[in-house]
Amino acid sequence: MVHLIDTTLRDGAQAPGIAFSTDDKVEIARALSELGIRDLEIGIPAMGVDEIADMQAVISATPNCRHIAWCRAKEEDVEAAVRTDADTVHISIPASDILLSAFGRSRRWPIEQIPRLIHRVRTSGCTVSVGFQDATRAELRYLSRLAQVAVQAGARGIRLADSAGAGLPHMITAMVQAIIDAGVDVPVEFHAHNDFGMATANSLAAVRGGAKSLSCTVLGIGERAGNAALEQLAVACWFGAGQMVGIDPEKTYKTIRSIADRLGLAVPPNQPVVGSDVFTHESSIHCTALGANPLSYQAFAPEQVGRKAVLAAGTHSGASTIRAILQSTGDDISPQQAHSILPAIRARAKKLGRALRPSELRKLLLRRQYLV
């Protein structure tokens, strides 16, 4: 089983243009809890008293979840985190030479910081996990050494973050395998970013390498190109990799769309799993095949994620598609009538620049007196 760790309230909140109210955070957390998510990364305590208050409100509203507070590798961050009542304090530390140099640090600095900060968290009674920023661009032997140091100091989890979204699937699999082969005997989590459009693929590659947990956000919101999308990871794990993720598949669409509506997030029509068009079929070849087998042109049945397939009357529709659409609305025409009306349907769809809605199709057929 793969555990999804939702970081909508932390990494998702860092997306340009996103600003969650306290109520937003509480309702998002509740919705994710009801979906079945049990691990929530809920904020950055070092942001101040308002952030800590929001985190405590989320914790109170979702008692069945494990709550994670995200920290930089700084004493003041850790001190703020242990005041939040979170179950787990996550310490994130640069691992690549690129980031270490950017922050004016040497390779020795993380090795010295990790044990000291872990000790402080453990004395508070919290569980501690350690994440390595820019792990995909870190030197692998050095990354393995950092992971060993963290585990020896008492970390109960390791996160490998593709912070710049620079990884490719084969690289991710090899990286996770190398960390595990180095003797890291705690669960490994992978945290993807989507700069190459590879967040979902890289996350599945991490599972193949031995990762037990995957970070995600609703709709993949996050910095720059965003993170791995919760709904995409869930579906890819279920139907692509045969891995359970512990959430209710049939609630997926309703939950994600309700959160998007609350936040005013536009969902592209072709957005996997939750876009308006992803189970809409217009091509005559596709529609005919779907009538014989719903999986002929669908990777999984839409009902499995709380949706239904839709047939569209457009420029590529055939007579059988038109008749099937009408039958779904309680109408019917003969095969000959369906064939004769196709040119008018295609011309109207071309003029509109889209497929006809059922009401528009009926209006066209009534005008031809094909319906009574």
Side-chain angles (χ1 to χ4, degrees), residues 31 34-35 218-220 229-232 234-236 238-239 248-372:
E34 291 172 3
L35 180 62
V218 169
L219 292 171
L230 184 161
E231 65 280 3
Q232 294 179 32
V235 166
W238 287 325
F239 307 121
D248 187 340
E250 292 186 11
K251 291 182 179 179
T252 303
Y253 174 72
K254 183 177 180 180
T255 299
I256 300 300
R257 291 300 299 226
S258 69
I259 293 172
D261 291 345
R262 180 180 184 89
L263 300 176
L265 296 174
V267 180
N270 65 338
Q271 180 87 2
V273 185
V274 295
S276 60
D277 288 352
V278 296
F279 296 108
T280 299
H281 304 272
E282 179 184 325
S283 165
S284 180
I285 295 172
H286 287 209
C287 294
T288 300
L290 286 167
N293 185 339
L295 295 181
S296 56
Y297 283 100
Q298 297 178 144
F300 55 94
E303 290 79 8
Q304 291 178 286
V305 292
R307 303 197 63 183
K308 293 182 179 180
V310 176
L311 302 184
T315 57
H316 292 81
S317 298
S320 60
T321 302
I322 302 306
R323 295 192 70 212
I325 293 170
L326 290 170
Q327 287 167 3
S328 70
T329 61
D331 296 305
D332 199 7
I333 59 176
S334 69
Q336 294 77 15
Q337 289 173 318
H339 276 289
S340 68
I341 198 69
L342 283 178
I345 292 171
R346 291 169 179 167
R348 183 61 179 161
K350 182 176 287 189
K351 184 175 181 180
L352 292 171
R354 59 170 173 79
L356 276 64
R357 300 184 180 95
S359 61
E360 294 168 331
L361 177 59
R362 290 192 87 256
K363 185 176 181 180
L364 188 61
L365 292 165
L366 284 168
R367 191 179 303 150
R368 296 295 183 97
Q369 297 184 335
Y370 287 168
L371 296 177
V372 296

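No hydrogens, no waters, no symmetry mates; every other heavy atom, side chains included, goes into these values. Throughout, numbering of the chain's residues begins at 1 and tracks the sequence. All values reported here derive from a predicted model rather than from experimental measurement.
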As an exercise, state the distance from [atom1] of [X] to [atom2] of [Y], rounded to the nearest 0.5 Å.
| X | Y | atom1 | atom2 | answer |
| --- | --- | --- | --- | --- |
| C287 | I322 | SG | CD1 | 8.5 Å |
| L311 | Q327 | CG | CD | 10.5 Å |
| L219 | R257 | CG | CZ | 8.0 Å |
| E250 | L35 | CD | CG | 12.0 Å |
| W238 | Q304 | CH2 | CD | 9.0 Å |
| K254 | I259 | NZ | CD1 | 12.5 Å |

Compare all side-chain heavy atoms of [X] with those of [Y] and state whether any distance is below 4.5 angstrom.
| X | Y | answer |
| --- | --- | --- |
| H281 | L290 | yes |
| S317 | S284 | no |
| H316 | H286 | no |
| D277 | N270 | no |
| K308 | P302 | no |
| V278 | V273 | no |
| P335 | R323 | yes |

Original post:
Is atom CG of L352 surrounded by more than 12 heavy atoms (other residues, nucleotides or ligands) closer than 6.0 Å?
Top reply: yes
Taking all non-hydrogen atoms of both residues, which atom of [X] and which atom of [Y] are closest, and how far apart?
| X | Y | value |
| --- | --- | --- |
| T280 | S276 | OG1-O, 3.4 Å |
| L342 | G318 | CD2-C, 3.8 Å |
| T255 | S258 | O-OG, 2.7 Å |
| I256 | E231 | CD1-OE1, 3.8 Å |

Subject >> Check against ring-ring contact (aromatic ring centres under 6.0 Å, His included), F279 and Y253 >> reply: CA-CA 12 Å; F279 296 108; Y253 174 72; 8.6 Å; no
Tell me whether [X] contacts the main-chain N or O of [Y] through its side chain, where contact means a donor paired with an acceptor under 3.5 Å.
| X | Y | value |
| --- | --- | --- |
| Q271 | P268 | no |
| Q298 | P294 | yes |
| E282 | A313 | no |

Original post:
Between E360 and R354, is the closest basic N to carboxylate O distance under 4.0 Å?
Top reply: yes
Original post:
Any side-chain donor-acceptor pair under 3.5 Å between T288 and S320?
Top reply: yes
